[in-house]
Amino acid sequence: MLIKQLLHSEPSDQEVVAQGWVRTRRDAKDFSFIELNDGSCLKSLQILASRNLADFDETVLKLSTGCAVRVTGKLTASPAAGQAVELTAGKLEVLGWADPDTYPLQKKRHSFEFLREIAHLRPRTNSLGAMLRVRSSLAMAVHRFFQEEGFFQVHTPVITTSDCEGAGEMFTVTTLSGTQLAHGNEPFAGDFFGRRAGLTVSGQLEAEALALALGRVYTFGPTFRAENSNTSRHLAEFWMIEPEMAFCDLAEDAALAEKFLRYLIRHTLDHCTDDLELFGKFIDQGLPERLAIVAGQEFARITYTEAVQILSEAKVKFTFPVAWGIDLQSEHERFLAEEVFKRPLIVTDYPASLKPFYMRENDDGRTVAAMDILLPGIGEIIGGSQREERYEILERRMLAAGLDLDTYRWYLDLRRYGSVPHAGFGLGFERLVQFVTGMANIRETIPFPRTPGHAEF
Ligand code: ATP
Ligand code: MN
């Protein structure tokens with residue numbers, strides 16, 4: 001049985017089996033106490049191993065952190081605080097030893113930097129294990145939310161030939177050798193796809209085609225950006241959730257995004273109590289309050305122009321000076337969410353020059369129907385927009401952006417045939433996990449992070 005189930009069982013005369021990895025061993029006169037964890041939950045099961053067990057000296061007394069064991073025994077009421085039951089061992093088998101002289105995970109706390117170097121073992125620590133359980137729970141909640149709201153999950157290509165928005169640098173996908181790439185004018189003409197292909201930076205353009213058939217769709221897939229930005233909020237490979245809705249404007253888009261975020265936070269508060277408690281205690285003491293704010297309070301809404309106004313009147317010296325037309329930097333986003341509004345914030349209607357070609361032009365001619373959602377603690381977590389559904393305007397903006405219209409003929413077609421107002425957004429899944437766990441660095445929110453210079457494991 002899983003330790004999670006055993007911990008919630010009543011003491012009984014029936015034999016049960018627990019399997020897991022030893023966290024610690026403590027020896028008393030007649031017994032050894034073993035903390036056994038199988039990953040099913042944060043808590044470990046206490047094993048009571050009597051000196052009378054067969055092979056006690058060769059097995060129990062040699063157990064160290066990381067050893068894998070199978071214990072058969074009976075659940076008994078535990079006199080110790082913090083646990084209702086413990087397992088009195090009748091039989092203990094060692095499945096796999098872990099040499100204490102070389103096993104890198106010792107009982108003390110290790111730095112996250114060190115743990116990244118042993119990403120194959122760090123899931124066995126309390127904090128990474130808790131993160132992975134929360135991550136799984138959030139992924140389920142994402143699907144639940146969209147199914148409840150009438151969305152269909154769709155799968156968009158991972159290999160693409162359109163760098164959707166210049167969202168970031170695209171990784172090239174090729175079968176050519178280095179020498180073939182170095183010579184010739186159009187090396188990709190002889191490549192596998194006959195032209196330059198890359199890993200997707202967003203599934204949005206394809207999702208639009210599907211929304212204009214199924215009404216409400218969402219993608220939840222891997223996304224790649226070769227941005228050489230060594231920040232605590234960027235990965236080269238991450239997972240993005242992108243809903244797209246037909247017959248939808250920016251206000252409805254923002255309302256759905258707010259409902260979605262609050263649903264996800266509520267879900268983890270309800271389902272991941274133990275794991276969240278760990279993060280609140282050891283990772284980030286402000287976490288419980290921040291989660292409660294997102295779950296409980298309505299998000300504030302301001303336009304970009306109002307945001308710039310507030311920032312330029314603020315008595316704070318920013319590294320990046322503020323003026324209408326600049327892209328809001330992380331320091332500005334966090335100042336707005338943390339100091340001014342003290343709750344999540346939706347900023348809308350950004351200058352067109354800052355945003356990709358597909359965002360719907362506003363009547364003022366200089367802003368677009370975009371929205372970013374900023375959270376206290378991490379800044380931008382969602383970026384979305386109403387899409388330009390008018391053929392002429394879209395074509396004009398594509399040309400202005402220097403796009404090759406032939407590549408995007410199919411995308412323009414969506415505006416030639418049965419075009420309707422539509423909108424959507426992108427939520428970076430790891431940013432969400434980062435917000436919910438309070439992890440300072442996004443590299444602690446995915447099991448095997450890919451960042452510049454790092455693709456081990
Ligand atoms: P940022 O300004 O933070 O780089 P962005 O404007 O490039 O974000 P979008 O292109 O709007 O982001 O992507 C939508 C969402 O995807 C973002 O709100 C964020 O949550 C997430 N995201 C973007 N880039 C990354 C990345 N490199 N690693 C992890 N998540 C990311
Ligand atoms: Mn970016």
Side-chain angles (χ1 to χ4, degrees), residues 135 138 142 156 160 162-171 199-205 207 218-244 250 253-254 257-258 260-261 264 294 299 304 307 320 326-334 336-337 344-348 350-351 353-359 368-387 423-437 439-455:
R135 192 180 155 105
L138 279 170
V142 165
T156 48
T160 174
S162 53
D163 173 1
C164 148
E165 31 179 317
E169 283 294 305
M170 207 166 52
F171 285 100
L199 296 176
T200 182
V201 296
S202 161
Q204 179 202 314
L205 301 193
Y218 70 104
T219 66
F220 187 171
T223 309
F224 307 86
R225 295 188 184 178
E227 35 192 18
N228 202 357
S229 49
N230 248 315
T231 78
S232 59
R233 307 179 311 125
H234 289 89
L235 293 163
E237 176 180 305
F238 63 102
W239 289 70
M240 185 138 71
I241 298 146
E242 295 181 275
E244 190 69 35
L250 187 70
D253 192 38
E258 174 172 354
F260 181 45
L261 276 179
L264 295 172
V294 178
F299 294 9
Y304 168 88
F320 294 90
I326 63 136
D327 208 353
L328 297 183
Q329 301 293 321
S330 185
E331 56 171 342
H332 307 134
E333 298 178 343
R334 293 187 57 171
L336 289 168
L345 179 63
I346 309 183
V347 182
T348 60
Y350 284 75
S353 56
L354 295 178
K355 295 291 184 184
F357 69 88
Y358 54 72
M359 294 193 179
V368 288
M371 61 129 183
D372 278 4
I373 300 192
L374 317 179
L375 290 188
I378 63 167
E380 177 184 337
I381 191 161
I382 281 183
S385 67
Q386 183 172 342
R387 321 305 188 189
F425 62 82
L427 166 69
F429 190 53
E430 285 73 19
R431 295 253 177 108
L432 172 71
V433 177
Q434 198 178 1
F435 180 74
V436 170
T437 59
M439 289 291 192
N441 197 307
I442 199 164
R443 293 172 173 110
E444 270 70 68
T445 64
I446 188 165
F448 301 104
R450 270 77 178 101
T451 53
H454 291 287

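Side chains are part of it too, since the values below use all heavy atoms of this structure and drop only hydrogens, waters and symmetry mates. In listed order, ligands and their atoms are each counted from 1. Just so it is clear, the model here is predicted, and its values are computed rather than measured.
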Heavy-atom proximity to atom 8 (O) of ligand 1, best of Gln204, Glu237, Glu380:
Glu380
Using heavy atoms and a threshold below 4.0 Å, how should the contact between [X] and ligand 1 be classified: side chain, backbone, both, or neither?
{"X": "Glu430", "answer": "neither"}
{"X": "Ile382", "answer": "backbone"}
{"X": "Asp372", "answer": "neither"}
{"X": "His234", "answer": "both"}

Contact between Thr156 and Gln204 at the side-chain level, heavy atoms closer than 4.5 Å - yes or no?
no
Side chains of Val368 and Leu354: closer than 4.5 Å at any heavy-atom pair?
no
Should the ring pair Phe429 and Phe220 be called parallel, tilted or perpendicular, given that the plane angle runs from 0 to 90° and is split at 30 and 60?
perpendicular
Angle class for the Phe320/His332 ring planes (parallel below 30°, perpendicular above 60°, tilted otherwise)?
perpendicular
Element-labelled atoms of ligand 1 that are located less than 4.0 Å from some non-hydrogen atom of [X]:
{"X": "Glu227", "value": "24 (N), 26 (C), 27 (N)"}
{"X": "Gly383", "value": "18 (O)"}
{"X": "Arg233", "value": "3 (O), 28 (N), 29 (C)"}

For side chain to side chain contact (heavy atoms under 4.5 Å, CB included), just list the numbers for Ile378 and Arg431, CA-CA rounded to whole Å, side-chain angles, deciding distance to a tenth of an Å, and then say yes or no.
CA-CA 8 Å; Ile378 63 167; Arg431 295 253 177 108; 4.3 Å; yes
For ligand 1, which is the ligand I care about here, please tell me if [X] has any N or O atom under 3.5 Å from one of the ligand's N or O atoms.
{"X": "Gly428", "value": "yes"}
{"X": "Ile442", "value": "no"}
{"X": "Leu235", "value": "yes"}

So if I apply the side-chain contact (heavy atoms from CB on, under 4.5 Å) rule between Trp239 and each of Thr223, Ile446, Val142, which one comes out positive?
Ile446
Between Thr231 and His234, is there a side-chain donor-acceptor contact under 3.5 Å, judged purely by atom types and distance?
yes
For the pair Arg450 and Phe224, evaluate side chain to side chain contact (heavy atoms under 4.5 Å, CB included) and give the outcome as yes or no after the intermediate values.
CA-CA 10 Å; Arg450 270 77 178 101; Phe224 307 86; over 6 Å; no
